[in-house]
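Keep in mind it's a predicted model, so treat the numbers as computed, not measured.
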Amino acid sequence: MKILLTGGSSFSGMWFAKELASAGHDVVAPLLKKKNAYQGLRKERVSIFESCADVRENISFGSEAFFDLVNSEEHWDVFCHHAADVTDYKNPSFDYIKATKSNTLSLPSVLESLKKKNCQKVILTGSVFEQGEGRGSDNLRAVSPYGLSKGLTADIFNYWCSLFEMKLGKFVIPNPFGPYEEKRFTAFLMSKWLSGETAIISHPDYIRDNIHVTLLSKAYARFVTKSVSEPGFEKINPSQYIGPQKHFTEIFAENMRKRLSLPCEFQIMEQNDFSEPIERVNTETLDANAYEWNEEKAWDEIADYYSNFFTG
């Protein structure tokens with residue numbers, strides 16, 4: 001398949017591109033900036049990304065350069081819109097209107113151009129933190145203004161894909177973790193443990209859905225490459241480890257202890273901040289065997305990656 005993929009320099013985007021390429025697909029991927037403009041962890045991801053995709057520089061979604069890219073190829077089989085405005089996404093003042101506009105810029109014209117190139121299928125990446133997604137508390141409100149922007153983006157895509165009679169698939173992401181992730185929860189744990197420190201768990205009671213990025217990527221590749229039968233909408237909400245964050249911490253610690261011979265100690269604090277919904281999880285537990293995915297290998301890769309990352 002000829003696949004146009006945005007957002008490939010992100011953590012999950014890099015793994016998605018890698019999995020699509022390993023399955024034999026031709027991935028063309030626009031980057032927002034010049035390759036040499038990326039620094040640190042994102043630079044590492046771009047380097048890996050470049051090895052499995054045809055990377056085009058200085059192209060933002062909906063821009064004139066994006067249209068030039070779409071029109072430069074004879075055909076497209078699938079358009080995967082994984083990119084999203086995530087600038088300062090944890091800020092309560094996140095500009096969800098600006099982000100939604102950026103995520104959907106010139107969308108009707110984009111879809112029209114893609115359809116002229118025989119593209120009949122669009123895959124949009126969603127988030128379990130959107131309004132109305134997954135299962136959880138607080139009437140499934142958006143978890144944050146960023147989540148709100150993702151939900152609005154999905155509504156806009158659904159509307160226009162329907163009008164253009166194109167298939168829209170929505171791939172809803174929970175909490176992926178694994179090698180090359182930003183400095184989020186599991187990276188925090190590993191930095192503490194590899195330094196011989198105890199990790200302090202300040203939000204142990206939130207019920208979340210954590211998933212190995214390698215398993216998530218296999219599910220993504222399969223969802224993307226399913227045959228298109230007719231216009232319409234379909235969705236998948238992949239899930240793996242559901243439970244309080246304190247339980248996931250124990251799962252993570254147990255797997256690192258036996259691989260790194262470290263105590264991997266952590267202290268559970270009383271949670272006082274409940275600004276987010278207590279529970280927000282996805283709804284479709286993935287069968288690892290169906291994806292030919294090896295859980296032990298995935299834990300091995302995480303241990304090896306962080307050992308090298310934090311200790312050199």
Side-chain angles (χ1 to χ4, degrees), residues 1-10 12-13 16-17 19-21 23-32 49 52-85 97-127 130 133 149-173 217 219-237:
M1 282 187 167
K2 186 87 167 184
I3 298 171
L4 178 59
L5 171 70
T6 64
S9 69
S10 67
S12 50
F16 290 173
E19 190 63 39
L20 287 166
H25 302 294
D26 184 5
V27 180
V28 179
L31 283 179
L32 281 175
F49 181 43
C52 59
D54 178 3
V55 175
R56 312 290 178 90
E57 301 172 308
N58 281 343
I59 301 177
S60 60
F61 176 73
S63 66
E64 183 177 342
F66 188 84
F67 282 99
D68 289 342
L69 172 58
V70 170
N71 295 323
S72 69
E73 301 293 332
E74 290 186 3
H75 82 283
W76 298 101
D77 292 299
V78 186
F79 169 48
C80 296
H81 192 34
H82 184 63
D85 187 340
I97 296 296
K98 175 178 174 291
T100 303
K101 183 176 180 180
S102 175
N103 297 344
T104 61
L105 184 64
S106 302
L107 181 60
S109 297
V110 167
L111 295 179
E112 182 179 24
S113 297
L114 285 165
K115 196 164 184 182
K116 287 179 180 178
K117 295 294 182 175
N118 299 314
C119 181
Q120 299 294 327
K121 187 173 184 178
V122 176
I123 302 295
L124 178 68
T125 302
S127 168
E130 296 175 26
E133 273 301 350
S149 75
K150 292 288 288 181
L152 292 171
T153 296
D155 286 343
I156 293 167
F157 263 78
N158 202 351
Y159 175 81
W160 285 109
C161 285
S162 176
L163 285 187
F164 279 96
E165 297 185 328
M166 299 176 76
K167 187 80 169 186
L168 175 63
K170 186 179 181 185
F171 188 85
V172 182
I173 294 182
S217 300
Y220 184 82
R222 183 175 297 183
F223 187 68
V224 166
T225 56
K226 286 171 60 178
S227 61
V228 178
S229 54
E230 57 186 18
F233 176 77
E234 62 180 337
K235 183 173 69 168
I236 182 172
N237 294 70

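Partner of F79 under the side-chain contact (heavy atoms from CB on, under 4.5 Å) criterion, out of V70, I123, T6: T6 alone.
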Quiz item: Would L114 and F164 satisfy side chain to side chain contact (heavy atoms under 4.5 Å, CB included), going step by step from the backbone distance to the final call?
Solution: CA-CA 10 Å; L114 285 165; F164 279 96; over 6 Å; no

Exercise. For the pair K115 and L111, evaluate side chain to side chain contact (heavy atoms under 4.5 Å, CB included) and give the outcome as yes or no after the intermediate values.
Key: CA-CA 6 Å; K115 196 164 184 182; L111 295 179; over 6 Å; no

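For the atom pair CG of L32 and CD of E57, the computed distance is 12.0 Å after rounding to the nearest 0.5 Å. Between the CG atom of L31 and the CZ atom of F49 there is a distance of 5.5 Å, given to the nearest 0.5 Å.
Remark: side-chain polar atoms of S113 are paired, donor with acceptor, to backbone N or O of S109 under 3.5 angstrom. Side-chain atoms of K150 come within 3.5 Å of backbone N or O of T125 as a donor-acceptor pair.
R56 and E73 are joined by a salt bridge, as a carboxylate oxygen and a charged side-chain nitrogen come within less than 4.0 angstrom of each other.
In this pair, F16 and Y220 present their aromatic rings parallel. The plane angle is below 30°, not in the 30 to 60° band. Relative ring orientation between F66 and F61 is described as perpendicular, the plane-to-plane angle rising above 60° on a 0-90° scale split at 30° and 60°.
For L5 against A17, the heavy-atom pair with the smallest separation is CD2-CB, 3.7 Å.
Counting heavy-atom neighbours within 6.0 Å of K117 NZ, excluding the residue itself, gives a total above 12.
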